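Input: a single structure, listed below in structure tokens.
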Amino acid sequence: MPEIVVRDKHGEHSHLIEGTTSIGRHPRSTICLHDALVSKKHAIIHQVAEEYVYEDLGSSNGSFLDGVRITKHKLQDGEEITLGKVTLVFHAESEEDDLASLVNISQIADISQVRDRINVEKVERFLPERQVSDLGLLRTDYEKLRLGHELLQSIGLDNSIASVLEQVSNEMLRIFSAARCVILLLNPSTEKLVPKVVRTMDGVEDHASVSASVLKEVQEKKTALLLSDTSSDERFSEAASLVMQGIHSVMCAPIMHDGEFFGVVHMDGQKGVSTFTRKDLQLFVGIVQSVAMAVANAHLIRKIEHDARSKAQFERLLSPSVVEQVMSGKITLEKGGKLRDVTILFADIRGFTPMARRIKATDVVAMLNRYFEMIVDVVFSHGGTVDKYIGDEIMVLFGAPVKMDHPADRAVACALEMQSALENFNLDRDRHGDDKIEIGIGINSGEVVVGAIGSSHTMQYTCIGDAVNIASRLTETAKAGQVVISEHTLADLTDGAKYEELPPVPLKGIDGNIKSYLVRELLTDTKPPK
């Protein structure tokens with residue numbers, strides 16, 4: 001499947017594409033880009049027959065290929081398109097597609113050709129020296145230690161799983177004089193084994209066949225298997241793909257650490273090249289256990305880094321007291337979320353794009369940082385949660401992740417204080433000769449799904465539902481300095497407000513006309529006590 005690799009200040013991340021893929025700053029975009037120079041609805045990629053076409057949607061700052069602005073372009077493998085400070089790289093096939101095409105997982109009827117098994121959870125331990133009377137056993141144990149030591153030295157402290165697996169495969173091909181090495185890791189979201197490394201003795205990628213029956217037993221029974229003389233076993237003739245490759249011997253072991261299954265290492269030897277023995281299997285299991293430790297350590301490091309980034313992100317989005325509850329586990333942000341009644345606030349800078357054109361990009365970022373610093377202080381003072389930043393727009397939740405009394409009152413009070421604080425903010429900007437910043441705010445209340453939503457690699461606490469869409473659309477109708485709310489939010493206000501009913505307007509993507517109200521003042525002070 002084709003993919004787009006996004007390169008921005010945060011690094012690289014990829015998105016598989018199919019059908020129509022939207023690109024922009026808007027949170028509903030398939031690929032959401034956090035760059036002030038990217039329009040909310042910047043571009044789309046759509047499939048035409050077997051080709052993929054990039055189409056710029058009339059964005060303010062454009063899309064560029066090799067420095068030339070484009071509007072519509074048939075994508076070729078490896079092409080790079082620049083949007084603001086973000087680069088999109090198109091790949092006709094993802095890296096996993098490439099590897100998956102090299103591995104044939106054949107459906108073998110049985111595994112009666114297994115010659116030996118070792119339970120990796122009950123693998124033999126090294127005996128104290130005084131208890132060893134068998135010189136052969138002593139040599140075997142020494143060899144395990146030597147090869148394990150060499151492998152750990154080659155792996156080092158690299159926390160890149162891809163790098164670790166590459167080194168491991170090359171080292172084991174050398175140790176066992178094997179023909180091929182395939183390493184598959186478990187995808188937690190699909191529960192399927194995905195090829196990560198396919199290597200041959202001559203150092204090139206080549207097609208390899210792996211028995212589905214072998215993989216099943218290795219995973220379910222936590223057992224390392226040795227198969228030999230497969231090409232001469234009549235019962236094995238159904239695995240024609242293996243026989244045709246002349247495979248003479250197979251070893252397969254689970255990558256496991258502390259009872260957790262991460263994947264498998266599969267090696268095969270061709271006839272006339274190598275035939276694996278029980279001693280090989282014992283060494284193989286010992287080495288794979290070292291691999292498992294490296295993979296587990298890499299996962300642990302990534303988890304620590306993820307937790308650190310999550311805490312840093314939460315500190316930017318949640319009030320300090322809520323951050324501590326989230327990190328301590330008192331509040332759980334489950335993937336998939338739950339239904340909850342909340343009030344959603346969007347605040348968007350009016351005339352931002354023309355303003356951004358007049359000043360340097362670095363000044364735009366500095367201006368937004370100062371503006372958001374002031375706005376977020378107001379949000380936190382009212383108990384709000386910053387859901388996300390969308391370029392010059394901010395989305396705020398009231399009533400999630402922590403339930404609160406009167407979320408509609410809190411949201412409207414927050415919006416009015418935002419407008420008031422902005423007036424003082426603009427006085428300072430005026431003294432320095434800078435353009436005035438003006439915002440329009442839209443608020444709606446209703447039932448949405450809230451929670452940690454995303455992939456196994458990237459999670460974000462957010463909410464989805466029609467109530468969010470209506471709040472976003474109301475923001476588009478709000479003029480500079482206005483706070484526009486829906487009838488649902490008005491109905492939820494405890495003591496009401498001074499407001500002006502606006503003419504019903506059709507909102508794009510919303511059935512029927514929506515009643516909205518311009519709020520001028522709340523009739524009660526809803527700011528929470530310090």
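Sequential numbering from 1 along the given sequence is applied to the chain's residues. Just so it is clear, the model here is predicted, and its values are computed rather than measured.
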Does [X] reach the main-chain N or O of [Y] with its side chain, forming a donor-acceptor pair under 3.5 Å?
{"X": "Asn426", "Y": "Leu422", "result": "yes"}
{"X": "Thr20", "Y": "His46", "result": "no"}
{"X": "Ser381", "Y": "Val378", "result": "yes"}
{"X": "Asp56", "Y": "Ser59", "result": "yes"}
{"X": "Asp428", "Y": "Asn424", "result": "no"}
{"X": "His34", "Y": "Tyr389", "result": "yes"}

Closest non-hydrogen atom pair between [X] and [Y], with its separation:
{"X": "Gln419", "Y": "Gly481", "value": "NE2-C, 3.3 Å"}
{"X": "Ala478", "Y": "Val484", "value": "CB-CG2, 3.7 Å"}
{"X": "Gly384", "Y": "Phe398", "value": "CA-CE2, 3.6 Å"}
{"X": "His42", "Y": "Gly62", "value": "NE2-O, 3.0 Å"}
{"X": "Ser169", "Y": "Ile183", "value": "CB-CD1, 4.2 Å"}
{"X": "Lys41", "Y": "Leu57", "value": "O-CB, 3.7 Å"}

Find the distance between [atom1] ([X]) and [atom2] ([Y]) and round it off to the nearest 0.5 Å.
{"X": "Tyr54", "Y": "Lys72", "atom1": "OH", "atom2": "NZ", "result": "13.5 Å"}
{"X": "Ile81", "Y": "Leu88", "atom1": "CD1", "atom2": "CG", "result": "6.5 Å"}
{"X": "Leu186", "Y": "Leu193", "atom1": "CG", "atom2": "CG", "result": "5.5 Å"}
{"X": "Glu171", "Y": "Arg174", "atom1": "CD", "atom2": "CZ", "result": "4.0 Å"}
{"X": "Leu474", "Y": "Ile344", "atom1": "CG", "atom2": "CD1", "result": "10.5 Å"}
{"X": "Asp8", "Y": "Leu33", "atom1": "CG", "atom2": "CG", "result": "7.5 Å"}

Side-chain heavy-atom pair [X], [Y] within 4.5 angstrom cut-off:
{"X": "Val264", "Y": "Ile255", "result": "no"}
{"X": "Val376", "Y": "Ile394", "result": "yes"}
{"X": "Val89", "Y": "Ile4", "result": "no"}
{"X": "Ile443", "Y": "Phe346", "result": "no"}

- According to the side chain to side chain donor-acceptor pair (under 3.5 Å) rule, which pairs have a member within residues 432-449, sequence neighbours left out?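 Found Thr343-Ser445, Arg358-Asp435, Asn444-Ser486, Ser445-Thr489.
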- Could you point out which residue of Ile23, Leu37, Asp35 forms a side chain to side chain contact (heavy atoms under 4.5 Å, CB included) with Leu83?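 Single side chain to side chain contact (heavy atoms under 4.5 Å, CB included) partner of Leu83 among Ile23, Leu37, Asp35: Ile23.
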- Check step by step if side-chain contact (heavy atoms from CB on, under 4.5 Å) holds for Phe352 and Met367. CA-CA 11 Å; Phe352 176 76; Met367 174 194 72; 3.6 Å; yes
- Task: Test Leu184 against Lys196 for side-chain contact (heavy atoms from CB on, under 4.5 Å), laying out the working first.
- Result: CA-CA 5 Å; Leu184 305 97; Lys196 293 297 181 181; over 6 Å; no
For [X], ring-ring contact (aromatic ring centres under 6.0 Å, His included) partners two or more places apart:
{"X": "Phe262", "result": "His299"}
{"X": "Tyr517", "result": "Tyr499"}
{"X": "Phe425", "result": "none"}
{"X": "His15", "result": "His13"}

- Message: For Phe90 and Tyr52, take the angle between the two ring planes, folded into 0 to 90°, and tell me which bin it lands in: parallel under 30, tilted 30 to 60, perpendicular over 60.
- Response: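 Ring orientation, 0 to 90° scale: tilted.
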- Query: Got a sec, which residues hit side-chain hydrogen bond (donor to acceptor under 3.5 Å, both in side chains) with Arg7, two or more places apart in sequence or on another chain?
  - Reply: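 Residues passing side-chain hydrogen bond (donor to acceptor under 3.5 Å, both in side chains) with Arg7: Glu12, Glu80.
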Got a salt bridge between [X] and [Y], using NZ or NE/NH1/NH2 to carboxylate O under 4.0 Å?
{"X": "Asp392", "Y": "Arg25", "value": "yes"}
{"X": "Lys388", "Y": "Glu393", "value": "no"}
{"X": "Glu373", "Y": "Arg370", "value": "no"}

- Task: Evaluate whether atom CG of Asp377 has more than 12 neighbouring non-hydrogen atoms of other residues, nucleotides or ligands under 6.0 angstrom away.
- Result: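 Counting other residues, nucleotides and ligands, CG of Asp377 exceeds 12 neighbours.
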- Go through the steps for Leu165 and Gln167 under the test side-chain contact (heavy atoms from CB on, under 4.5 Å), then give the verdict. CA-CA 5 Å; Leu165 298 184; Gln167 293 182 57; over 6 Å; no
- Task: Quick one: do Ser22 and Thr30 satisfy side chain to side chain donor-acceptor pair (under 3.5 Å)? Show the steps, please.
- Result: CA-CA 5 Å; Ser22 57; Thr30 310; 3.1 Å; yes
- Task: Walk me through it: do Val379 and Cys414 pass the test side-chain contact (heavy atoms from CB on, under 4.5 Å)?
- Result: CA-CA 6 Å; Val379 169; Cys414 178; 4.1 Å; yes
- Message: Could you go through His73 and Glu79, starting from their C-alpha distance and side-chain angles, then the distance that decides it, and tell me whether this counts as side chain to side chain donor-acceptor pair (under 3.5 Å)?
- Response: CA-CA 11 Å; His73 176 75; Glu79 285 187 328; 2.8 Å; yes
